[in-house]
**Q** 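Pasting a structure here, questions to come.
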Amino acid sequence: MGKILYGECVWSGVTRAVRISGLTEVDCDLEPASDAATGADTAEVDGDCALWIGAIGPIEVTASRKDANQMAVRFKEPLSDRILLHFNAL
């Protein structure tokens with residue numbers, strides 16, 4: 001499956017924990033993490049939002065539904081090579 005990173009998406013006043021995969025300089029895939037307090041997904045990331053990858057962010061992105069459990073995310077500005085090197089070295 002590849003490397004999984006953890007982060008958060010923030011939009012419309014809602015913060016959502018996400019798992020990040022397929023990270024490139026222009027896009028990645030997100031899978032919402034279950035809400036630990038309720039044990040269920042309570043909000044769906046969609047449209048323009050801010051992505052945090054670990055402690056790096058906010059990164060302005062646009063998210064759209066890919067399938068039942070994943071969203072496709074496009075970065076509004078390409079990620080720097082230093083950010084990609086950092087996460088690929090983990």
Side-chain angles (χ1 to χ4, degrees):
M1 169 182 235
K3 186 175 288 189
I4 301 294
L5 304 169
Y6 296 91
E8 294 182 325
C9 243
V10 180
W11 81 108
S12 301
V14 176
T15 299
R16 184 62 196 269
V18 294
R19 287 184 292 277
I20 302 161
S21 61
L23 183 66
T24 73
E25 70 179 18
V26 295
D27 61 7
C28 66
D29 290 331
L30 296 183
E31 181 179 335
S34 293
D35 184 345
T38 64
D41 291 342
T42 57
E44 183 176 308
V45 176
D46 192 25
D48 292 338
C49 53
L51 177 64
W52 288 80
I53 305 172
I56 296 176
I59 302 165
E60 297 300 318
V61 303
T62 302
S64 60
R65 176 70 43 203
K66 187 173 179 178
D67 62 33
N69 297 321
Q70 277 194 323
M71 275 98 35
V73 169
R74 293 228 15 113
F75 302 117
K76 293 193 178 197
E77 297 287 329
L79 291 182
S80 76
D81 291 340
R82 292 174 26 180
I83 292 173
L84 290 175
L85 287 171
H86 170 76
F87 285 112
N88 286 325
L90 294 178

**Q** Considering all heavy atoms of both residues, which atom of Thr24 and which atom of Phe75 are nearest to each other, and what is their separation?
**A** O-CE1, 3.3 Å
**Q** How many angstroms lie between NZ in Lys66 and CE in Met71, if you round to the nearest 0.5 Å?
**A** 11.0 Å
**Q** Considering non-hydrogen atoms only, spot the tightest contact between Val73 and Asp27 and give its length.
**A**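 Heavy atoms only, the tightest pair is O-CB, 2.9 Å.
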**Q** Going by side chain to side chain contact (heavy atoms under 4.5 Å, CB included), name the residues that satisfy it together with Arg19, two or more places apart in sequence or in a different chain.
**A** Ile4, Tyr6, Glu31, Ala33
**Q** Does one hydrophobic cluster hold both Leu84 and Val61, with members joined at side-chain heavy-atom distances below 4.5 Å?
**A** yes
**Q** Roughly how far apart are Ile56 CD1 and Arg82 CZ, rounded to 0.5 Å?
**A**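 Nearest 0.5 Å value for the CD1-CZ distance: 9.5 Å.
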**Q** Quick one: pull up CD1 in Ile53 and CD1 in Ile59 and give me the separation to the nearest 0.5 Å.
**A**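 These two atoms lie 4.0 Å from each other.
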**Q** Does some side-chain heavy atom of Pro58 sit less than 4.5 Å from a side-chain heavy atom of Val10?
**A** no
**Q** Is the number of heavy atoms from other residues, nucleotides or ligands under 6.0 Å of Asp81 CG greater than 12?
**A**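 Not buried by this count: 12 neighbours or fewer within 6.0 Å.
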**Q** Please assess Thr62 against Lys76 for the test side-chain contact (heavy atoms from CB on, under 4.5 Å), listing each intermediate value before the final yes or no.
**A** CA-CA 7 Å; Thr62 302; Lys76 293 193 178 197; 3.5 Å; yes
**Q** What distance separates Leu51 CG from Glu8 CD, expressed to the nearest 0.5 Å?
**A**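 That separation rounds to 9.5 Å.
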**Q** Just by modelled atom types, is the Phe87 backbone N or O under 3.5 Å from a matching donor or acceptor in the Lys3 side chain?
**A** yes
**Q** Please check if Leu30 and Leu5 belong to a single hydrophobic cluster, counting links between Ile, Leu, Val, Met, Phe, Trp and Tyr side chain heavy atoms closer than 4.5 Å.
**A**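 Linked within one cluster.
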